[in-house]
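Remember, it's 1-based here, ligands and their atoms both numbered in the order they're listed.
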Amino acid sequence: MSTRSTFVIVGAGLAGAKAAETLRAEGFDGRLLLVGEEAEWPYERPPLSKAYLRGEADRHSLYVHQEGFYAAHDIELRPSTWVRSISSGARQLELATGERIGYQRLLLTTGAAPRRLPLPGADLDGVHYLRSRGDADALAAAAAAATHVVVVGTGWIGSEAAASLRQLDREVTLIGPDTAPLVRVLGPEVAGVYRDLHADHGVRLQLGTRVAGFRGDGRVEAVVTEDGRTIEGDLVLVGVGAVPRTELAEAAGLPVAGGVLVNEQLEAVGAAGIYAAGDVAAAWHPRYQRYLHVEHWANALNQGPAAARNMLGRSVPYARLPYFYSDQYDLGMEYSGLAADWDRVVVRGDLGAREFIAFWLKNQRVVAGMNANIWDVTEPVQALIRGGWPVDPARLADPDIPLDQVTGELTTRSAR
Ligand SMILES: Cc1cc2nc3c(=O)[nH]c(=O)nc-3n(C[C@H](O)[C@H](O)[C@H](O)COP(=O)(O)OP(=O)(O)OC[C@H]3O[C@@H](n4cnc5c(N)ncnc54)[C@H](O)[C@@H]3O)c2cc1C
C-alpha cells in the first residue's frame, strides 16, 4: 500500500489495538485511524471479572499499550467516537459527528455486547451487566455496599464474577438452567469440578432453573425463577452470554451469521477490502471447515495482527486452534480446541484435587484438552489435537507417559 492509503480500524479494543500495532510493525506508512466509542484507550477485559473487580489491579494494568504508544506510532486514536455507518461501495465511513472518512482498507473489531434479559424488572436499579471497565467499576462499587449478590448465568463471566464476589466476602447465589457451571462447554464430569469449587467457597448454587424476573420497588430486592423460587438479593449481575456487535456490518450489507462472516484471511465474504477480527467475527476455519465465532481473549489477540497482515496483502490464513483461559479462586485453567460433541473424556490427574488435564475424545482422537492447575502443557496438548492421530486412552491418562508419546499402538484393553 502506498503512503497515500488510509486504513481505518473501527473498535478500539484488544483486536483493534493489536491490528494497529502490527500494521506499523509491518511497515504500513499510510494514514492509520483507530476509532472507538469508549472514552479511553484500548484495554483488556479479562481482569474485569477477576483482579480488577476485586480491587487488586489498577486501571493502568489493563491497557494494551501504555500512554504515548499511539502518538509515537502515528496511530490516530479517536476515543469517544462512535462510527454510525459504513458505505462499502464508496469505501467511506461516517462518524456520529457527521465527519466522513474514506478508506482503502477497513477492519471491524467492534467486539460484542452482553446479552440482555428482557424480563420484568430487568431495568430496576441494582441489575448489572459486565463488559466494560465502567461496568466493572459500577459493579465493584455496588458490591461494596451490597449484602447478597445474585449472579444470573453459569457461563464464564457469571462463574468468574461469582468467585471474585465471594473473595470480596459477599454472600453470593449463582443461578442457571444447567446442572453445573460451564457444563455446556465442559460436560458434566469436568463441570462438576466447578460446581464443587463454588460450593466449597460458599456460593449458593440454584441450578436447573431459569430466571423469570426481578422484584423490587425502584431497586432490585429479589430474583424470581420460573419454577417459583424467590432469591433475595440487593445486587444482581446478569452474565448470560454476549452478542457480536454486527450492526454496522449488517447495515452495510455485509454477510452476518453469528458474527461478520469472513474468509480464512479474515476478509469479509463478498466485500473486498473489509476485514473483521475478534469477538465480532465468524471466521472460516480451514481445520474445522466452518465459520467459527470465538469470543475469547487469545482470538482477539491473534486475529487482530492476522487481519493486519492480510490488509497489507500478505494472504495469511488464520488457522490457530481456539484457546481460552479462566481463573476462579485458586483454580486456573487453559482450554484448547473445540469439542462440540465427544465420545468420552479422559482425565490425567485428579479431578477431586483440581489438578488435572482433561481430554475430550471423538473417534479416539483428541479434539480438545484442558489443563487445570497444571502449567506449560498447552503446546503438547495442542499438538495432540492438531495431529489428529488415534490415541491410547490408557496412555493418555497415565501421568508418567509424556504427552508426545501417547499415540501409536492401542493397548488391547483400551482398544476394546
Ligand atoms: C468481564 C470479561 C472477562 C473475560 N475474561 C476472559 C478470560 O478469562 N479468558 C478469555 O479467553 N477471554 C475472556 N474474555 C473475553 C475477551 O475479553 C474478549 O474476547 C476480547 O475482549 C475481545 O476483544 P475485541 O477487541 O474483539 O472486542 P472488544 O474488547 O469488545 O472491543 C470492541 C470495541 O469496539 C467498540 N465499538 C463497537 N461498536 C463501535 C462503533 N460502531 N464505533 C466505535 N466503536 C465501537 C466497543 O465499544 C469496544 O470498545 C472476557 C470478557 C469479559 C467482558
Determine whether R45 and R131 make a side-chain contact, defined as any pair of heavy atoms from C-beta on separated by less than 4.5 Å.
yes
Output field: ring centroids [X]/[Y] closer than 6.0 Å:
X	Y	value
F69	H73	yes
W360	Y335	yes
W297	F324	no
Y70	H65	yes

Heavy-atom nearest option to [atom], drawn from [options]:
atom	options	result
atom 22 (C) of ligand 1	L34, T110, D279, L48	D279
atom 11 (O) of ligand 1	W297, Y43, W82, W156	W297
atom 47 (O) of ligand 1	E37, E334, R131, K18	E37
atom 38 (N) of ligand 1	R78, R245, E40, R84	R245

Closer than 3.5 angstrom, by distance alone: can the side chain of S336 be matched with the main-chain N or O of Y323 as a donor-acceptor pair?
no
Sidechain-backbone polar pair: R105 side chain, M311 backbone, donor-acceptor under 3.5 Å:
yes
Could you grab the distance from atom OG1 of T81 to atom CD of E76, nearest 0.5 Å is fine?
11.0 Å
Restricting to non-hydrogen atoms, name the atom on L124 and the atom on F214 that form the minimum distance, rounded to 0.1 Å.
CD1-O, 3.9 Å
Any idea which heavy atoms bring R84 and G98 closest together, and the distance?
NH2-N, 4.1 Å
Please check whether [X] reaches ligand 1 - meaning an N/O of the residue sits under 3.5 Å from an N/O of the ligand, judged on distance alone.
X	answer
A298	no
V83	yes
K50	yes
Y325	yes

Which part of [X] is near ligand 1, with near meaning a heavy atom under 4.0 Å away: side chain, backbone, both or neither?
X	result
E160	side chain
Y323	neither
L248	side chain
T109	backbone
A300	side chain

Looking just at side-chain N and O atoms, do E355 and N373 make a donor-acceptor pair shorter than 3.5 Å?
no
Distance only, no hydrogens: is a donor on one side chain within 3.5 Å (strictly under) of an acceptor on the other, for Y52 and R133?
yes
Just need the protein heavy atom nearest to [atom], so name the residue and atom and give the distance.
atom	value
atom 52 (C) of ligand 1	I157 CD1, 3.4 Å
atom 29 (O) of ligand 1	R45 NE, 2.7 Å
atom 25 (O) of ligand 1	A15 N, 2.9 Å
atom 4 (C) of ligand 1	P46 CA, 3.5 Å
atom 49 (O) of ligand 1	E38 OE2, 2.5 Å
atom 27 (O) of ligand 1	G111 CA, 3.3 Å

Carboxylate-amine/guanidinium contact E37 R78, below 4.0 Å
no
Non-hydrogen atoms of T81 versus ligand 1: any pair closer than 4.0 Å?
yes
Under 4.0 Å to a heavy atom of G11 - the qualifying atoms of ligand 1, by number
33 (C), 34 (O), 35 (C)
